[in-house]
Structures are given as structure tokens and as C-alpha cells.
Amino acid sequence: MDRDDLFGPLREAIEAGAAQALGSLYGLEGPFHYKFETPPDPAMGHLALACFPFAKAAKTGPPIIAQALAQALGSINGLAEARAVGPYLNFFLSPRYLADRLLTSALMPDFGNSSQGKGQRLLLEYSSPNTNKPLHLGHGRNNLLGMALANLSETQGFEVIKVNLVNDRGIHICKSMLAYQTFGQSETPESSGLKGDKLVGKYYVEYDKRSKLDPRLEDQAAQMLRDWEAEVPEVRSLWRTMNDWVLAGFQETYDRLGCQFDQLYFESETYQSGREIVLKAQAEGRVEVEDNGALSIDLTDIGLDKKILLRGDGTSMYITQDLGTTVKKYADFYFDHHFFVVGNEQDYHFKVLFEVLKRFGYDWAARLEHLSYGMITLPEGKMKSREGTVVDLDDLLDEMKALAQTEIESREIFGPKEQDLIGATAEWVGQGAVKYFILKSGAAREMQFNPKESLSFDGQTGPYLQYTHARISSLAKRAQEVELGSKEGYAWSGQETELLVQLGRFYELLQFCFSERNPAPLCTYLYELARNYNKYYYDQPVLKAEPNERRARLDLGLAVQAVLAKGLKILGIEPLKRM
RNA sequence: GCGCCUGUGGCUCAGCUGGAUAGAGCAGUGGACUUCGAAUCCAAAGGUCGUAGGUUCGAAUCCUACCAGGCGCACCA
């Protein structure tokens with residue numbers, strides 16, 4: 001059992017007691033269906049057992065059963081009170097028990113962790129950029145989701161392997177190459193002062209502009225792709241140079257955001273690897289042959305369509321290469337789970353991919369999951385790289401940093417000799433705002449991003465959480481200068497008990513986020529924890545109280561701080577001591 | 001045409017494995033800094049949960065139809 005599983009054992013004890021009571025009161029025999037809930041208001045209790053399911057068999061109303069059970073239940077370790085409230089049997093946790101269980105363990109790095117993924121390997125693919133343009137806010141959502149899910153999975157005990165499948169070949173890559181070759185005048189990142197991905201992106205836009213005036217460019221790009229496939233040296237060399245520029249540019253942004261990968265896959269190296277898989281399936285009679293020799297599979301029986309897997313000329317398609325890379329990834333890692341963080345425009349593609357693998361006899365296809373997310377739109381509509389209507393990720397981070405810096409300087413928290421600390425802090429605050437904003441919404445939803453209004457440092461934001469964390473840090477620092485007593489026998493108030501209960505829910509919350517493959521509930525949880533703490537902070541003096549009270553209240557604060565820190569790190573946000 | 005996703009106060013979103021009065025934040029209104037950090041706190045105001053049916057003791061939550069928006073439905077990637 002996991003150390004920080006607080007509610008699990010309580011529920012089990014309640015179930016055992018209730019089963020006995022239902023037997024003696026109504027002569028009922030189990031097994032019963034126990035429906036536990038969280039009361040809407042902590043003043044009503046911390047844990048509720050709904051008594052509706054017992055009513056039919058007991059031939060009496062749920063409120064009467066709740067009453068009777070409240071009377072009949074013996075004392076349970078950890079519970080202070082059982083009280084019938086309408087049709088519910090509500091339980092109050094003992095603050096003393098909570099404090100003993102939580103105040104020390106909350107400070108540990110593994111607080112709230114689960115062992116459910118122990119011994120299992122989870123492959124997480126995310127980012128998957130194209131090497132023809134810089135990263136924009138949409139990629140940002142992918143990267144932030146990917147990192148948060150990786151961190152979340154690690155709390156559940158999985159061995160997490162992060163991979164990035166770089167799309168570095170194809171006609172779109174050739175377009176920026178062609179524009180560069182034709183109009184670029186040997187410009188380099190050094191000579192232009194542009195980040196490598198920005199430089200290449202400039203020529204992608206340039207191609208789009210020119211090709212509208214001169215349709216011949218399209219043929220030239222197609223020819224370049226053929227030359228690339230034929231491995232014409234000049235084309236390959238240009239391709240390698242430009243890809244290296246882009247990848248160096250991406251790396252800067254990844255480093256800045258804290259994105260890491262254990263392995264990179266390049267489509268240029270894997271794009272042909274699916275063909276043998278399809279041919280093997282043909283030999284096994286799992287695919288059909290079209291009139292022109294193309295190989296297809298019919299998925300209409302499950303509501304999908306017929307899908308071509310290999311062209312008539314024998315060349316690979318997108319699905320073909322994905323079949324190949326997926327099989328390769330399994331051979332490389334023998335994963336127990338494989339999550340693909342990819343936008344919802346590819347929902348259909350992944351359904352097909354997974355189904356084909358299943359029909360080809362790969363039993364591990366059941367371990368594949370597409371983690372889909374909605375795209376980010378602007379008030380004007382979709383972002384389009386070709387047309388330059390995108391929120392560039394680097395630019396956005398720069399802007400947020402500048403705004404944060406202005407705020408920090410106006411507060412005079414840092415001295416004049418701490419300029420570099422101000423800069424670093426501004427970076428973290430700016431990122432905190434961006435990351436929290438993007439992660440707090442469920443992934444399935446598309447989100448509208450209004451540059452002027454979306455990002456704020458007030459209210460339910462990353463900086464609010466960072467501020468709460470910093471505020472407690474400040475408290476802890478000042479506590480070194482005062483006498484602290486012992487918290488033994490301290491009478492925890494209702495407000496304090498509520499905070500303790502909230503800390504106690506962290507373990508189940510992480511499990512829930514993982515099971516939903518969604519970091520958004522963690523965002524909500526952290527905000528509510530910080531909000532309750534801020535109110536508490538306002539209501540109750542800590543260092544101005546008696547020494548014993550100081551100790552208890554400070555320890556509670558430190559536990560809150562530790563959970564905030566842990567949660568923020570899962571989200572990729574830096575907890576700050578000063579800001 | 002078919003499939004998937006989304007539709008909750010002016011705006012951005014929680015809540016959606018059915019349950020106890022539908023929650024936040026922003027914007028706007030009114031308060032709280034001689035007090036441990038006011039990037040904070042408090043108060044009032046603001047919603048027929050897209051529409052119409054249905055299932056249920058009970059529906060924002062499940063089912064059906066419809067409406068609106070998004071994304072797919074290539075021998076493109």
C-alpha cells in the first residue's frame with residue numbers, strides 16, 4: 001500500500017463497519033455497493049457515504065439508514081465523527097490524525113506518489129515538430145502537456161521515456177530549402193543574427209509568397225523532393241545544413257521551457273521502414289491488393305474507411321511510415337504503455353494506425369493511446385505559419401518576461417545589486433503565467449488565446465501560486481528569528497483541518513490526473529489549496545502568535561508550500577522563494 | 001453526406017464514471033495595507049448549464065433528435 005493513501009484505508013474500514021451494521025440492523029447481507037463522495041461543503045464533512053443504494057433492500061429511507069449507521073458504527077482510527085446529514089452519512093477526519101500523517105511526509109519529495117506503475121515502462125512521444133518553421137503557441141501546448149504528463153506519470157511509479165519524432169523530410173521541408181537556395185544569398189544564422197529555426201521559417205513564408213506569383217516553384221519543390229530521395233549530394237547537404245539550424249533553434253526553446261527527451265527519432269531515417277511490415281502482412285493475407293497494385297485494408301466494419309497502406313508504385317505513405325516507426329519503438333523499448341501527444345486533427349489517423357497494428361497481429365497495439373488536444377486559436381482565427389499569423393513561442397516568452405520584470409521592479413523585493421536575480425525571476429514568472437494558462441484547461445477543448453487579455457499575473461494564475469509559495473518562504477525565513485514551541489496538543493481549527501484534508505487528497509488527485517491523462521485537475525487543486533491558504537494567512541497570525549501556535553501554524557504552512565512546490569514542478573512551473 | 005470533439009454568467013474556464021444550494025478567475029461595483037509579502041484578502045452583483053424530448057427517487061452530468069462552432073473523412077503529411 002502507498003504511504004500517502006489516506007482515504008483508501010478509511011473507506012475500507014467504513015465499509016467493514018457498515019457491512020456489519022447493515023447486517024445487524026436490517027438483516028442484510030453483502031456485498032453492498034458503497035458510493036463514497038466528497039461533501040460540497042467541508043463544514044458538512046470530509047467524506048460522505050451515500051445511503052441511497054441500501055434503501056431498497058432495507059425497505060426504509062436513506063436518511064433513516066444514515067441515522068442508524070451513524071449510531072451503530074464503532075470508532076474508526078482517523079475519524080473524529082460520523083454524522084447523518086440527510087441521506088448521507090458524513091465523516092469528519094481527525095485533525096490530530098491528519099497532522100501526524102501529513103505534516104512530515106508532505107515535505108518528502110515522493111509525497112503523494114503511487115506505486116501503480118512500478119516496473120512498467122511508459123513511452124511518451126510529444127513535440128514532434130516539423131523542421132521548416134519555428135515553434136508557435138500550438139507547439140507550446142503540446143510540449144507543456146507532454147512534459148506535465150511525463151512528470152505526472154513518474155509520480156505514479158512508471159519508468160517514463162520521452163521521445164521526439166522529428167518530421168524532417170517531405171515536400172514542406174523542400175519548400176523552405178528551395179526558397180533559401182533561390183533567394184537566400186547564403187544567409188546564415190550567424191550572418192543574419194536570426195535563430196536557426198527563425199531563419200528557415202522566414203524562407204518557408206517566402207516560398208508561400210513567391211509560389212503564389214510563380215507556379216513553377218511548385219514543380220521545382222517536387223523535383224527537389226525527388227532529388228532528396230535520390231540522395232543528390234547538393235540537396236542532401238543543403239537539407240542537412242538547414243535542419244541543423246532548425247534543430248539548434250528548437251533546442252534553445254526546449255531548454256528554456258524545460259523540455260527534455262531521452263531519444264530523438266527522425267522521419268528521414270524511418271520513413272521507409274513500414275514497407276516490409278505491410279508486405280509481410282500481405283504475405284499473411286491480411287491486406288488486399290488494388291487494381292494498380294496498391295495495398296489496402298478495409299476497416300469499414302468498425303465505421304472507418306478503406307485505407308491504402310502502400311501506393312501502387314510501391315512507395316510509402318504517412319501511415320506506412322508510422323506503422324514502421326511504431327513497430328521500431330516497440331522493438332527499441334518494449335513499452336507497457338505508449339502515449340502519443342498529438343493534436344486532434346489526427347484523431348482519425350491514430351484510430352486507423354492502432355487498428356491496423358491490431359489486425360496485423362501486434363498484441364501490444366492495445367497499449368497505444370493517442371492523447372489528443374484541441375488547437376489554439378486567436379481572436380482572428382486559426383494560426384497559419386505560412387501566412388505569418390502565429391504567436392511565436394519565443395516571442396511570447398520574451399514578452400511575458402518583460403511584463404513580469406516590470407512588475408517585479410515596481411515591488412522593490414530585490415536590491416539594486418540583484419539584477420540577474422530579477423531577470424531570472426521574471427523569466428520564471430512569465431513562464432509560470434503561460435504554462436498555467438495553457439494547462440488549466442482540459443486538453444480536449446480548443447482554446448482561444450487573446451494576447452492582450454489571456455495572460456495575467458492576478459487571480460487564478462501561475463504567478464498566484466508562485467506568490468503563495470514565496471510568501472510561505474518568507475514566513476519560514478522570518479521564523480528563524482523567533483522562538484518556536486511544540487505543536488503537541490495544539491487544537492487545530494476548522495480552517496486548519498480543512499487545509500490538512502486538502503493536503504490529504506493530493507495522493508488521490510495525482511492518481512486521478514494520471515487516469516484521465518490530464519494535468520488540468522492538478523491546476524485547479526493547487527489553486528484551491530493556495531486560495532485557502534491565503535485566506536488562512538490573512539485570518540491567523542503565525543509568528544505573532546504564541547510559540548506553540550507558531551510551530552503548528554508554521555508546519556502547516558511548510559506542508560502547503562511543499563505540496564505547492566511539488567505540484568508546480570509537475571506542471572513545469574518553478575516554485576519561487578522571492579518574486 | 002459520414003465520423004470524432006466542443007457548446008455552462010459580458011469574457012476565459014472548472015464541474016461531466018448521475019446525487020446534498022451549479023463553482024472559480026477576469027472585467028465592472030464597494031471595502032481592507034502603522035499588521036508575518038496587497039502579484040493578497042473580503043463583500044455584493046451576475047447563469048432557463050445550446051434547444052427539445054427521454055431514462056431515473058434524482059440530470060450540467062446518461063440516451064435520442066436537432067441547432068451552432070471546430071477537426072477529420074487523399075495512392076498529402
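So you know, we letter chains A, B, ... as the sequences are listed, proteins then strands, and number each from 1. Keep in mind the model is a prediction, meaning the values are calculated, not measured.
Counting to the nearest Å, the P atom of B:C26 and the CZ atom of A:F457 are 14 Å from each other. Nucleotide B:C36 holds its C1' atom 5 Å from the CG atom of A:L543, rounded to whole Å.
Of the candidate nucleotides B:C76, B:U40, B:C36, B:C36 has the atom lying nearest to any side-chain atom of A:Y537. Set against B:A32, B:G37, B:A77, the side chain of A:I413 has B:G37 as its closest nucleotide. Checking B:C26, B:A77, B:A24 against every side-chain atom of A:E267, the shortest atom distance belongs to B:A77.
The residue among A:K535 and A:T425 whose nearest nucleotide of RNA chain B is located toward the 5' end is A:T425. Nucleotides of RNA chain B nearest to A:G86 and A:L310 differ in position, and the one nearer the 5' end is that of A:G86.
A:K477 comes within contact range of no nucleotide atom at all, as no heavy-atom separation falls under 4.0 Å.
More than 12 heavy atoms of other residues, nucleotides or ligands lie within 6.0 Å of CG in A:D301, so this atom counts as buried by the packing criterion. At most 12 non-hydrogen atoms from other residues, nucleotides or ligands lie less than 6.0 angstrom from CD of A:E218.
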Open item on the list: Using a 4.0 Å heavy-atom cut-off to protein, can you give one letter per nucleotide of nucleotides 3-19 of chain B, 5' to 3': B if the base is in contact, S if only the sugar-phosphate is, - if neither?
Closed with: -SS-SS----SS--B-B
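With no hydrogens or angles considered, a side-chain donor-acceptor pair links A:S493 and A:E496 at under 3.5 Å. Remark: the A:N344 side chain and the A:H370 side chain contain no N/O donor-acceptor pair separated by less than 3.5 Å.
For A:H46 and A:F91, the gap between ring centers reaches or exceeds 6.0 Å. In summary, the aromatic rings of A:Y88 and A:F52 are positioned with their centroids under 6.0 Å apart.
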